[in-house]
Amino acid sequence: MNFNFTMSSDWINALYIRYDIDKIKVYDNLYFYEDKSILKCQNFFNFNISEKVLEQIKKEIENNKKVRFSYFDNQESIERLKIWARKNNFKFEELDCWDSPLLDLNTPLNVYIDTLSSNQIKKNYKKYIKNKEKFQIKNSKNEDVLRLWKDVLVIDYNSWKREENSDMKSLDREDLQYLPMLLNNPLETSLQVIYKKGIPLGYTLMFKNKDTWFNVKWGSSYEGRKECAGFFCLFNHIEYLYSVSSILSLDFWGRRNKTYDDLKNNEIKRCHIIISKE
């Protein structure tokens with residue numbers, strides 16, 4: 001899978017499991033989900049927008065729909081969209097633009113963490129080193145993926161995210177988006193789940209995009225937070241991916257997360273954009 005994983009067949013096919021089929025709109029090579037008259041592009045990161053896509057979304061905007069691109073980091077395409085919107089008298093809004101954190105690791109994680117200024121990261125990592133033997137961490141490389149995913153859903157359900165309706169099931173069944181990728185691409189996906197006395201406490205999910213791993217999801221249960229299980233799982237996962245080739249390029253995907261910002265040593269500009277009638 002040597003391309004943007006959000007353009008892959010497994011990602012696209014999962015859209016049809018996740019959403020009502022009549023809400024999915026296909027414009028050339030891009031896929032949109034229609035939600036309250038907003039067409040939300042389901043492809044992220046770096047991709048080109050063809051003339052055919054522009055023609056089709058122009059008709060939708062003229063028909064009082066809005067078009068949204070999220071986690072978009074192709075700055076050439078963004079600038080092209082801006083010019084195109086102006087030319088058509090459409091409103092172009094950058095809902096949010098931020099420097100998304102990246103980690104380029106060419107030394108072991110413990111060596112790298114020693115160079116950081118974040119005392120909290122250092123403190124959590126020392127806690128991880130001291131206590132990791134008390135936990136069991138399972139890896140999708142050598143475990144039943146469906147059983148691991150069941151435990152991920154248990155963690156997600158028993159977390160603060162459910163109360164805020166930001167757990168995967170509340171987010172239009174986001175859990176269904178990732179499962180086909182995990183099942184069909186074992187070399188390009190990596191899931192770790194951390195347990196204590198058999199109880200699942202935290203997890204990290206990574207997908208590979210060319211030579212870069214993306215931190216797709218990261219979470220812990222209420223009990224897991226007390227145990228710092230989410231941090232332990234993240235540290236362990238980074239160490240594991242680094243150990244495979246003694247180098248790691250990791251895109252944290254998220255935004256405004258203190259842990260990601262404290263761990264980063266690089267960044268990429270990423271935007272949420274919406275285009276509508278003036």
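Please read these numbers as outputs of a predicted model, since none were measured by experiment.
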Check whether any side-chain heavy atom of [X] sits under 4.5 Å from a side-chain heavy atom of [Y], and report yes or no.
| X | Y | result |
| --- | --- | --- |
| Ile61 | Lys277 | yes |
| Ile268 | Asp99 | no |
| Leu81 | Phe72 | yes |
| Tyr33 | Cys41 | no |

Roughly how far, to the nearest 0.5 Å, is [atom2] of [Y] from [atom1] of [X]?
| X | Y | atom1 | atom2 | result |
| --- | --- | --- | --- | --- |
| Lys91 | Ile274 | NZ | CD1 | 9.5 Å |
| Asn215 | Ile238 | CG | CD1 | 7.5 Å |
| Ser243 | Asn236 | OG | CG | 9.0 Å |
| Arg162 | Asp167 | CZ | CG | 7.5 Å |
| Ile275 | Glu60 | CD1 | CD | 13.0 Å |

In this structure, would [X] and [Y] fall into the same cluster of hydrophobic residues linked by side-chain contacts under 4.5 Å?
| X | Y | answer |
| --- | --- | --- |
| Ile199 | Val154 | no |
| Leu248 | Phe207 | no |
| Leu146 | Val216 | yes |
| Val26 | Ile21 | yes |
| Leu263 | Met206 | yes |

Any side-chain to backbone donor/acceptor pair from [X] onto [Y]? Under 3.5 Å, distance only.
| X | Y | value |
| --- | --- | --- |
| Asn165 | Ser170 | no |
| Asn158 | Tyr222 | no |
| Asn63 | Lys65 | no |
| Asn209 | Asn4 | yes |

Q: Report the C-alpha separation of Asp251 and Arg270 in whole Å, then their side-chain angles, then the decisive distance to 0.1 Å, and conclude whether the salt bridge (Lys or Arg N to Asp or Glu O under 4.0 Å) test is met.
A: CA-CA 12 Å; Asp251 188 318; Arg270 206 160 263 160; 2.7 Å; yes
Other residues, nucleotides and ligands only: do more than 12 of their heavy atoms fall within 6.0 Å of [atom1] on [X]?
| X | atom1 | value |
| --- | --- | --- |
| Asp22 | CG | yes |
| Asp144 | CG | yes |
| Lys141 | NZ | no |
| Lys122 | NZ | yes |
| Glu278 | CD | yes |

Q: Go through Arg80 and Ile49 one step at a time and tell me if the side-chain contact (heavy atoms from CB on, under 4.5 Å) criterion holds.
A: CA-CA 9 Å; Arg80 183 168 168 241; Ile49 299 177; 4.2 Å; yes
Q: Starting from the C-alpha separation in whole Å, work towards a yes-or-no answer on salt bridge (Lys or Arg N to Asp or Glu O under 4.0 Å) for Lys169 and Glu174.
A: CA-CA 6 Å; Lys169 288 202 172 185; Glu174 189 183 48; over 6 Å; no
Between [X] and [Y], does any side-chain N to carboxylate O distance fall below 4.0 Å?
| X | Y | answer |
| --- | --- | --- |
| Lys264 | Glu267 | yes |
| Glu223 | Lys226 | yes |
| Lys269 | Glu76 | no |

Q: Compute whether any side-chain donor of one residue and acceptor of the other, for Asn124 and Gln120, lie under 3.5 angstrom apart.
A: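 Note: Asn124 and Gln120 side chains meet the donor-acceptor criterion.
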Q: Tell me yes or no: between the side chains of Asp262 and Ser118, is some donor less than 3.5 Å from an acceptor?
A: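 Short answer, yes.
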Q | Residues Ile273, Leu95; criterion side-chain contact (heavy atoms from CB on, under 4.5 Å); working and verdict | A | CA-CA 5 Å; Ile273 290 161; Leu95 298 176; over 6 Å; no
**Q.** Asn131 and Lys134: CA distance, side-chain angles, deciding distance, side chain to side chain donor-acceptor pair (under 3.5 Å) verdict
**A.** CA-CA 6 Å; Asn131 295 288; Lys134 299 174 184 176; 2.9 Å; yes
Q | Identified ring-ring contact (aromatic ring centres under 6.0 Å, His included) counterpart of Phe45 within the set Tyr71, Trp11, Trp253, Phe69 | A |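 The residue from Tyr71, Trp11, Trp253, Phe69 that satisfies ring-ring contact (aromatic ring centres under 6.0 Å, His included) with Phe45 turns out to be Trp253.
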**Q.** Pair Ile12-Leu15, side-chain contact (heavy atoms from CB on, under 4.5 Å): steps then yes or no
**A.** CA-CA 5 Å; Ile12 299 306; Leu15 297 174; 4.2 Å; yes
Q) Centres of the His237 and Trp213 rings: under 6.0 Å? A)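 Aromatic pair excluded; centres sit 6.0 Å or further apart.
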Q | Working for side-chain contact (heavy atoms from CB on, under 4.5 Å), residues Lys196 and Gln136 | A | CA-CA 6 Å; Lys196 190 172 184 181; Gln136 180 188 19; over 6 Å; no
(Q) As a quick check of understanding, evaluate salt bridge (Lys or Arg N to Asp or Glu O under 4.0 Å) for Asp96 and Arg256, giving each step before the final call. (A) CA-CA 11 Å; Asp96 197 4; Arg256 296 178 181 87; 2.7 Å; yes
**Q.** Evaluation steps, ring-ring contact (aromatic ring centres under 6.0 Å, His included), between Phe252 and Phe214
**A.** CA-CA 6 Å; Phe252 286 110; Phe214 279 68; over 10 Å; no
Q: Provide the full list of ring pair (Phe, Tyr, Trp, His ring centres under 6.0 Å) pairs with a residue in residues 112-155, sequence neighbours left out, each pair given once.
A: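 Counting only pairs at least two positions apart or across chains, the ring pair (Phe, Tyr, Trp, His ring centres under 6.0 Å) contacts touching residues 112-155 are Tyr125-Tyr128, Tyr125-Phe235, Tyr128-Phe232, Tyr128-Phe235, Phe135-Phe232.
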Q) How far apart are the closest heavy atoms of Arg18 and Leu176, and which atoms are they? A)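 Result for this residue pair: CA-CD1, 4.1 Å.
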Q) So which of Gln177, Gln42, Glu34 actually passes side-chain hydrogen bond (donor to acceptor under 3.5 Å, both in side chains) with Tyr19? A) Gln42
Q.
Using 30° and 60° as the class boundaries, would you call the ring planes of Trp218 and Tyr260 parallel, tilted or perpendicular?
A. tilted
**Q.** Partner residues of Phe92 under the ring pair (Phe, Tyr, Trp, His ring centres under 6.0 Å) criterion, sequence neighbours left out
**A.**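 For Phe92, no residue satisfies ring pair (Phe, Tyr, Trp, His ring centres under 6.0 Å) once neighbours in sequence are set aside.
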